[in-house]
Amino acid sequence: MVFRTFLLKYGEIGIKGKNRGQFEDALVAQVRYALEKVEGEFEVSKEQGRIYVNALGAEDSFDAEEVIQALQRVFGLVGICQVLKMPVSDPERIAENAVSFMAQTYHMTPAPEGAEAEVKMASPEEDAMTFKVHTRRANKQYPMSSMDVDALVGERLLSAFPGRMKVDVHHPEVMVYVEIREEVYIYSRIIPGPGGMPVGTNGRAQLLLSGGIDSPVAGWMIAKRGVILDATYFHAPPYTSERAKQKVVDLAKLVARYSGPIRLHVVNFTDIQLAIYDKCPHDELTIIMRRYMMKIAERFAQQDGSMGLITGESIGQVASQTIQSLVCTDDAASMPVFRPLIGFDKQDIIDLSLKIGTYDTSIQPFEDCCTIFVAKHPVTKPRLDIIKRSEEKLKDIIDDMLETAVNSAETIRIS
Ligand code: ATP
Ligand code: MG
């Protein structure tokens, strides 16, 4: 038997009233997006505060594991259940289906009728999987109470799997859910979803995306709160290679598996970096460069309709991320700068990047524009007034250079 229906559970806290419809519509849109790349044809529907995915076509036209993996990237989902869906029928028929469902889900063979005593002796009950049946009768026309359905299904399971299953209503190892609605749904496992909010419910922000470990994770975290992402990448040809740029495109693609499509702006930063190198104190290079990155990213944010910037900074990680350095960088932007990794240790960030699947790409060894013009001894406690005074040296050329950098940027649509 192939179970071709998936029941999707979502967190409902804080989404009452009008927001609820918006939340659900965004979630349905994201579920459809996630399934676009999965083999098979799927129908996504919203019914009575639930979202269902139905696999259409032949039984072997889809792979349930692949469907589940794709759904585990949809923010807003807290649980994914593969369910047996059947028409509303008499309780015996429901119990029979519950037996088939459990047999298949937990790889058990139902005993032939009357074989109960024999099997019981062969496998002592201590090894039995404990379970509890929970019936919800949303369809109040149904002639049997939920407690009676619980009891009947429980009994049929016990006699189908003698010695293998045992009732424990307090701490069951597995649950058997029976939901009687317009149709009947039977399921057991609830595979955790990523949580968060559906992308599209909380505005848009511009990610400063480098080829490192941190910034893709930062983007993922903000997208998880329902924010649509766009990104800006600064490269410095010929000092940085085409391959380094491709790595950032690859990272953007990996983030887009969760966030949905991303507009990636690739900015040629070479002339600005050379000008800073030429005119400003070398120990301030990184800070000054960061400040211009903020200003340029903010221009794209305005163009894209974003309300904030996102970086992968974390306090004290490197010289350019001390509190004093962050003060200087922050001052360059007039929009709020979101730094979701601010209190994370590097290892926490690495663990997350492994979990979301960006790590292997991030550690590919390609040069970044920041590492090329880096000073031997960068300031660790820059003062904003001094930094601004150093920037004065660029005042005759920088506006034109910023304009050129923005206007000559290449925009790549990532999905
Ligand atoms: P990451 O792993 O994100 O590269 P990092 O530890 O290398 O971080 P820095 O190089 O100091 O840290 O960069 C701090 C932040 O500045 C990055 O997380 C990113 O948001 C932004 N940034 C740095 N370099 C670039 C770049 N070339 N293009 C776009 N953003 C950048
Ligand atoms: Mg970096």
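Counting starts at 1 for both ligands and their atoms, in listed order.
- The aromatic rings of Phe75 and Tyr258 lie parallel to each other, their planes meeting at an angle below 30°, with 60° marking the opposite boundary.
- At a 4.0 Å heavy-atom cut-off, ligand 1 touches Ser215 through backbone and side chain alike.
- By the 4.5 Å heavy-atom criterion applied to side chains, Cys280 and Leu394 are counted as neighbours.
- Note: no N/O pair closer than 3.5 Å links Ile310 and ligand 1 by distance alone.
- Residue Leu207 does not touch ligand 1, judged by heavy-atom distances below 4.0 Å.
- Atoms of ligand 1 found under 4.0 Å from any heavy atom of Thr232 (numbered from 1 in listed order, with element): 29 (C).
- Heavy-atom contacts of Thr311 reach the following atoms of ligand 1: 20 (O) (cutoff under 4.0 Å).
- Interface of Ser320 with ligand 1, defined as ligand atoms under 4.0 Å from a residue heavy atom, comprises 11 (O).
- Relative to the six-membered ring of Tyr359, Lys355 misses at least one condition, a distance below 6.0 Å or an angle of at most 45° to the axis.
- Every N/O-N/O distance between Val318 and ligand 1 stays at or above 3.5 Å.
- Remark: among candidates Gln321, Glu313, Met293, the nearest residue to atom 12 (O) of ligand 1 is Gln321, based on non-hydrogen atoms.
- Note: Phe23 and Tyr10 have tilted aromatic rings, judged against thresholds of 30 and 60 degrees for the angle between ring planes.
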Acceptor/donor pairs from residues 408-415 side chains to any protein atom, 3.5 angstrom cut, sequence neighbours excluded:
unit_1	atom_1	unit_2	atom_2	d
Ser408	OG	Thr404	O	2.8
Glu410	OE1	Lys245	NZ	2.8
Thr411	OG1	His265	ND1	3.0

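- Listed by chain and residue number, nothing satisfies the ring pair (Phe, Tyr, Trp, His ring centres under 6.0 Å) test with His134 (two or more places apart in sequence, or in another chain).
- In this structure, Tyr185 and Tyr52 have parallel ring planes: the angle between them is below the 30° cut-off, well short of the 60° mark.
- Under 4.0 Å from ligand 1, not a single heavy atom of His235 appears.
- For ligand 1, the atoms lying closer than 4.0 Å to a non-hydrogen atom of Gly312 are 17 (C), 18 (O), 20 (O).
- With a 4.0 Å heavy-atom cut-off, ligand 1 is reached by the backbone of Leu209 but not by any atom from C-beta on.
- Any N or O atom pair closer than 3.5 Å counts here, and Asp214 shares at least one such pair with ligand 1.
- Checked by distance only, ligand 1 and Arg290 come closer than 3.5 Å through their nitrogen or oxygen atoms.
- Residue contacts with ligand 1: Ile213 is placed with a nitrogen or oxygen under 3.5 Å of a nitrogen or oxygen of the ligand (distance criterion only).
- When atom types are taken as modelled, the side chain of Ser215 and the backbone of Ser210 share a donor-acceptor pair closer than 3.5 angstrom.
- Nearest approach of Leu402 to Tyr292, heavy atoms of both residues: CD2-CD2, 4.0 Å.
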